[in-house]
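Whatever order the structure lists ligands and atoms in, that order sets their numbers, starting from 1.
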Amino acid sequence: MAKIIVTGGLGFIGSHTVVELQNAGHDVLVVDDLSNTTIEVFERIKSITNKDFEFYQLDLKKKDDVKSLFAKAGKVDGVIHFAAYKAVGQSVNSPLEYYENNLGSLVYLLQEMRDNKLDNLIFSSSCTVYGQAEDLPITEHSPVQSALSPYGNTKQVGEEIILDAIAAHNFNTISLRYFNPVGAHPSAKIGELPLGVPLNLVPYITQTAVGLREQLSVFGDTYDTHDGTCIRDYIHVVDVAKAHVIAVERLLAKANEDNYEVFNLGSGKGSTVLEVIHAFEKVSGKNLNYKIVERREGDVTAAFADTTKANETLGWKAEKSLDDAVADAWRWEQKIREEV
Ligand code: UFG
């Protein structure tokens, strides 16, 4: 059993990862500033796993908070760093806050890891680093392209900061580049909790179906795809969570081949926006009110992962389908609306 710090552990992907870490027998310490989630998630996680864990509300863009985290933590074996702002549009309006939060916290974390002689970091990266890739599916060798938003740039620069830190201080790190994580825990006890109007497709679909939004806008149907809508690789959040457990265990076992490794986390399958809508309509039995509107600025036509490296090297593979993901997202949406 290892002790793992999970930053942003009450967020969407973080909370599902805490569950899988506990299921795998690890001891978890969670830190979250609660800027984009609520403290109830702490109890909800425990109600799934029936196991307690340490939680600290700290702000990792404050160096003193990061220091106090390591002072409290005692002996730790690894860190999974989720804590970050993630709204693409908001990052365009508040770039400095994005750089401060996403990169400041990473630098402080790396400094403390170095000073505490702590190795083994898993970093949340994103397929956004590839931009519109020339070749599909996207392998880890696809070139990183100029970021389309400050948010995307924080992921690119984050990876560069880690590479420089590794060169100087000999850390072992795995960056996981997520495609589009969606869905919720099958228990419907944890899931995505967007504050305000959702920006992402699946929560917008479920909020429309539950009556919270009037209509889903489909951003463009004139893309060069089989039905004209954009293609993405939607991956169930529980599959993403399980990949983190495998990745951290790889570092703990010193089974990594290099001190910096990168893996794509996707299902390997591209789905159009209309296919996601139809999958939702099929599993929910509801007709969705949607309308085709103008393209959204910054959207790439198509992105889906080549997952061969994660399949072969990590022995990880997405097990759940798009239908599973939208069914679980729908069950979660209905459950939280009953509660409020
Ligand atoms: N879409 C709609 N209507 C909506 C919301 C989304 O048609 O109301 C479409 C988008 O145009 C896109 C697809 O649904 O074609 C998926 O959009 P999301 O916003 O759900 O996801 P993105 O692929 O744009 O963004 C995700 C993550 C980002 C990350 C990015 C990398 O949310 O954090 O992938 O490409 F940066």
Side-chain angles (χ1 to χ4, degrees), residues 8 11-14 36 82-92 98 102 124-133 136-138 142 144-159 175-183 192 194-209 212-237 240 264-267 269-280 288-305 322 325-326 329:
F12 177 43
I13 306 174
N36 198 24
F82 291 106
Y85 294 157
K86 60 172 185 178
V88 176
Q90 191 185 48
S91 77
V92 176
Y98 268 67
N102 293 7
S124 295
S125 189
S126 166
C127 70
T128 192
V129 303
Y130 299 119
Q132 178 58 73
L136 294 168
I138 300 173
S142 300
V144 168
Q145 302 209 43
S146 294
L148 293 171
S149 68
Y151 161 76
N153 208 27
T154 66
K155 293 300 172 187
Q156 289 190 12
V157 177
E159 288 198 26
S175 282
L176 298 174
R177 292 177 178 163
Y178 316 145
F179 280 67
N180 289 56
V182 292
E192 204 167 353
L195 295 180
V197 181
L199 302 167
N200 298 115
L201 179 62
V202 171
Y204 210 107
I205 289 176
T206 56
Q207 288 200 7
T208 305
L212 216 59
R213 311 282 153 211
E214 184 159 337
Q215 186 174 57
L216 169 77
S217 297
V218 173
F219 298 134
D221 68 348
T222 57
Y223 286 95
D224 184 16
T225 63
H226 56 271
D227 64 21
T229 63
C230 291
I231 293 177
R232 296 287 183 276
D233 184 336
Y234 297 91
I235 169 136
H236 198 295
V237 64
V240 174
N264 286 343
L265 292 188
S267 70
K269 185 171 173 289
S271 303
T272 66
V273 176
L274 291 178
E275 285 166 349
V276 178
I277 292 172
H278 296 141
F280 173 79
L288 193 76
N289 182 19
Y290 69 90
K291 185 172 95 182
I292 310 290
V293 302
E294 288 295 291
R295 291 181 177 201
R296 181 173 71 176
E297 207 186 320
D299 272 337
V300 298
T301 302
F304 56 99
L322 177 62
V326 289

Please test S126 against Y178 for side chain to side chain contact (heavy atoms under 4.5 Å, CB included), starting from the C-alpha separation and ending with a verdict. CA-CA 5 Å; S126 166; Y178 316 145; 5.6 Å; no
Audit row: D299, R232, salt bridge (charged side-chain N to carboxylate O under 4.0 Å, His left out) steps and yes/no: CA-CA 10 Å; D299 272 337; R232 296 287 183 276; 3.6 Å; yes
Donor-acceptor pair between D224 and T301 side chains, under 3.5 angstrom: no
Taking everything shown except Q132 itself, do over 12 heavy atoms lie less than 6.0 Å from its CD? yes
List below, pair by pair, the N or O atoms of ligand 1 and of the protein that are less than 3.5 Å apart, including the distance to 0.1 Å; reply 'none' if no pair qualifies.
{"residue": "ligand 1", "atom": "3 (N)", "partner": "S217", "partner atom": "O", "Å": "2.7"}
{"residue": "ligand 1", "atom": "7 (O)", "partner": "S217", "partner atom": "O", "Å": "3.4"}
{"residue": "ligand 1", "atom": "7 (O)", "partner": "F219", "partner atom": "N", "Å": "2.9"}
{"residue": "ligand 1", "atom": "11 (O)", "partner": "D299", "partner atom": "OD2", "Å": "2.6"}
{"residue": "ligand 1", "atom": "17 (O)", "partner": "R296", "partner atom": "NH2", "Å": "3.4"}
{"residue": "ligand 1", "atom": "19 (O)", "partner": "L199", "partner atom": "O", "Å": "3.4"}
{"residue": "ligand 1", "atom": "19 (O)", "partner": "N200", "partner atom": "ND2", "Å": "3.0"}
{"residue": "ligand 1", "atom": "19 (O)", "partner": "R296", "partner atom": "NH1", "Å": "3.4"}
{"residue": "ligand 1", "atom": "19 (O)", "partner": "R296", "partner atom": "NH2", "Å": "3.0"}
{"residue": "ligand 1", "atom": "20 (O)", "partner": "N200", "partner atom": "ND2", "Å": "3.4"}
{"residue": "ligand 1", "atom": "20 (O)", "partner": "L201", "partner atom": "N", "Å": "2.8"}
{"residue": "ligand 1", "atom": "21 (O)", "partner": "N180", "partner atom": "ND2", "Å": "3.1"}
{"residue": "ligand 1", "atom": "23 (O)", "partner": "N180", "partner atom": "ND2", "Å": "3.0"}
{"residue": "ligand 1", "atom": "23 (O)", "partner": "R232", "partner atom": "NE", "Å": "2.7"}
{"residue": "ligand 1", "atom": "24 (O)", "partner": "R296", "partner atom": "NH2", "Å": "2.8"}
{"residue": "ligand 1", "atom": "32 (O)", "partner": "N200", "partner atom": "ND2", "Å": "2.9"}

Trace of the side chain to side chain contact (heavy atoms under 4.5 Å, CB included) decision for V218 with T229: CA-CA 8 Å; V218 173; T229 63; 3.9 Å; yes
Is the closest side-chain donor-acceptor distance between Y151 and Q90 under 3.5 Å? no
